[in-house]
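Chain letters run A, B, ... following the sequence lines, proteins first, then strands; residues in each count from 1.
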Amino acid sequence: GAGVSQTPSNKVTEKGKYVELRCDPISGHTALYWYRQSLGQGPEFLIYFQGTGAADDSGLPNDRFFAVRPEGSVSTLKIQRTERGDSAVYLCASSPPTSGRVKFFGPGTRLTVL
Amino acid sequence: AQTVTQSQPEMSVQEAETVTLSCTYDTSESDYYLFWYKQPPSRQMILVIRQEAYKQQNATENRFSVNFQKAAKSFSLKISDSQLGDAAMYFCAYRGPNGNQFYFGTGTSLTVIP
């Protein structure tokens, strides 16, 4: 079975541009998470979806960041007016309904803002 | 907020030897979950082992085992018979009883010397 997939693998953009990062969770996983991993750091929580709704978005750093999951499967993380400080690896993870709290991570998207 | 501390930025081990990676955490909860994830250069976070705080018995997965000291809030990972494929970044993570986000440490880079 396929794992969590993320596209693109790498994204280079210019300061001020808009970007979208996509996450395809494992089929049947109801919970989906976005994390951000800056260089030399551990991942930091951004947002959590249970089904289609954002159950916890307390980790989003500001209103330039937004995420959707309209049909309860694929999710898109959207970043407006990108800044150089947004450069990081963005990781997506998913969990099944009865996972024992285990998360399965994707390979991440490395975002570079020039 | 919970904090997770990994005090060893880098560790090395001879192939076939044993190495222990340290992790401490801070929480006021009595029931929670702890995890060790491995992140190779491919960036994908891979679950190594997990421990439920209510279980007194230390978790074991083949060559990987933990030393969970609840009173000391310590959760170290022991890798026995180290293999070249064990080389990676290792992250310790904490999840509270009702939360959905993981709190990660800053990671330990493990090098396996042939």
Side-chain angles (χ1 to χ4, degrees), chain A residues 2-11 21 23-26 29-51 53-60 88-97 99-112, chain B residues 1-10 21-27 29 31-55 59 61 75 77 88-110:
Chain A
V4 177
S5 63
Q6 292 186 246
T7 53
S9 177
N10 292 281
K11 175 70 176 178
L21 311 180
C23 172
D24 267 283
I26 294 171
H29 283 197
T30 54
L32 185 145
Y33 312 81
W34 284 98
Y35 283 79
R36 178 168 69 174
Q37 186 175 20
S38 300
L39 190 63
Q41 300 295 316
E44 294 180 317
F45 171 79
L46 294 176
I47 188 169
Y48 154 62
F49 287 90
Q50 184 59 255
D56 183 356
D57 64 358
S58 62
L60 295 178
V89 174
Y90 289 81
L91 296 167
C92 177
S94 66
S95 295
S99 70
R101 279 81 174 174
V102 174
K103 297 182 182 180
F104 298 84
F105 283 83
T109 294
R110 181 180 298 281
L111 175 66
T112 303
Chain B
Q2 282 72 24
T3 58
V4 178
T5 302
Q6 293 180 249
S7 59
Q8 305 155 314
E10 299 178 344
L21 308 184
S22 302
C23 173
T24 59
Y25 56 94
D26 183 29
T27 184
E29 303 286 351
D31 188 21
Y32 47 87
Y33 304 82
L34 297 165
F35 305 83
W36 278 98
Y37 276 87
K38 168 185 177 181
Q39 188 178 43
S42 66
R43 296 197 307 245
Q44 186 145 13
M45 302 279 280
I46 302 164
L47 177 68
V48 175
I49 198 165
R50 63 175 170 173
Q51 175 83 41
E52 290 91 342
Y54 67 86
K55 291 186 177 179
E61 289 287 342
F75 182 60
L77 173 70
M89 283 290 290
Y90 285 81
F91 290 95
C92 177
Y94 166 98
R95 182 196 184 281
N98 300 312
N100 296 291
Q101 59 176 288
F102 283 10
Y103 295 90
F104 285 89
T106 52
T108 296
S109 178
L110 179 66

(request) Could you grab the distance from atom CD of B/Q44 to atom CD of A/Q6, nearest 0.5 Å is fine? (result) 8.5 Å

(request) Pick one of side chain, backbone, both or neither for A/S9, based on which atoms fall under 4.5 Å of a heavy atom in chain B. (result) both

(message) For B/N100, run the side chain to side chain contact (heavy atoms under 4.5 Å, CB included) check against A/F49, A/Y33, A/F45 and tell me which one passes.
(response) A/Y33

(message) To the closest 0.5 Å, what do you measure between CG (B/L47) and CZ (A/F104)?
(response) 7.5 Å

(message) Report which part of A/Q50 has an atom under 4.5 Å of a heavy atom belonging to chain B: side chain, backbone, both, or neither.
(response) neither

(message) Counting only non-hydrogen atoms closer than 4.5 Å, does B/Q39 touch chain A with its backbone (N, CA, C, O), its side chain (CB onward), both, or neither?
(response) side chain

(message) With chain B as the partner, which of A/Q41, A/Q37, A/E44 has the greatest number of non-hydrogen pairs under 4.5 Å?
(response) A/Q37

(request) Quick one: closest heavy-atom pair of B/F91 and A/G42, and the distance? (result) CE2-CA, 3.4 Å

(request) Side-chain contact test, heavy atoms from C-beta onward, threshold under 4.5 Å: evaluate it for A/S58 versus B/Q101 and give yes or no. (result) yes

(message) Any heavy-atom pair between the side chains of A/R110 and B/R43 that's under 4.5 Å?
(response) yes

(message) Does B/F35 form a side chain to side chain contact (heavy atoms under 4.5 Å, CB included) with A/V102? I'd like the steps, not just the answer.
(response) CA-CA 9 Å; B/F35 305 83; A/V102 174; 4.3 Å; yes

(message) Is A/S38 close to chain B through its backbone or its side chain, or both, or neither, when contacts mean heavy atoms under 4.5 Å?
(response) neither

(request) Look up atom SG in A/C92 and atom CE in B/M45, then write down how far apart they are to the nearest 0.5 Å. (result) 13.0 Å

(message) Is it the case that the side chain of A/Y35 and the backbone of B/F102 share a donor-acceptor pair, with hydrogens and angles ignored and the cut-off at 3.5 Å?
(response) yes

(message) Between A/L91 and chain B, with a heavy-atom cut-off of 4.5 Å, which part of the residue counts as in contact: side chain, backbone, both or neither?
(response) side chain

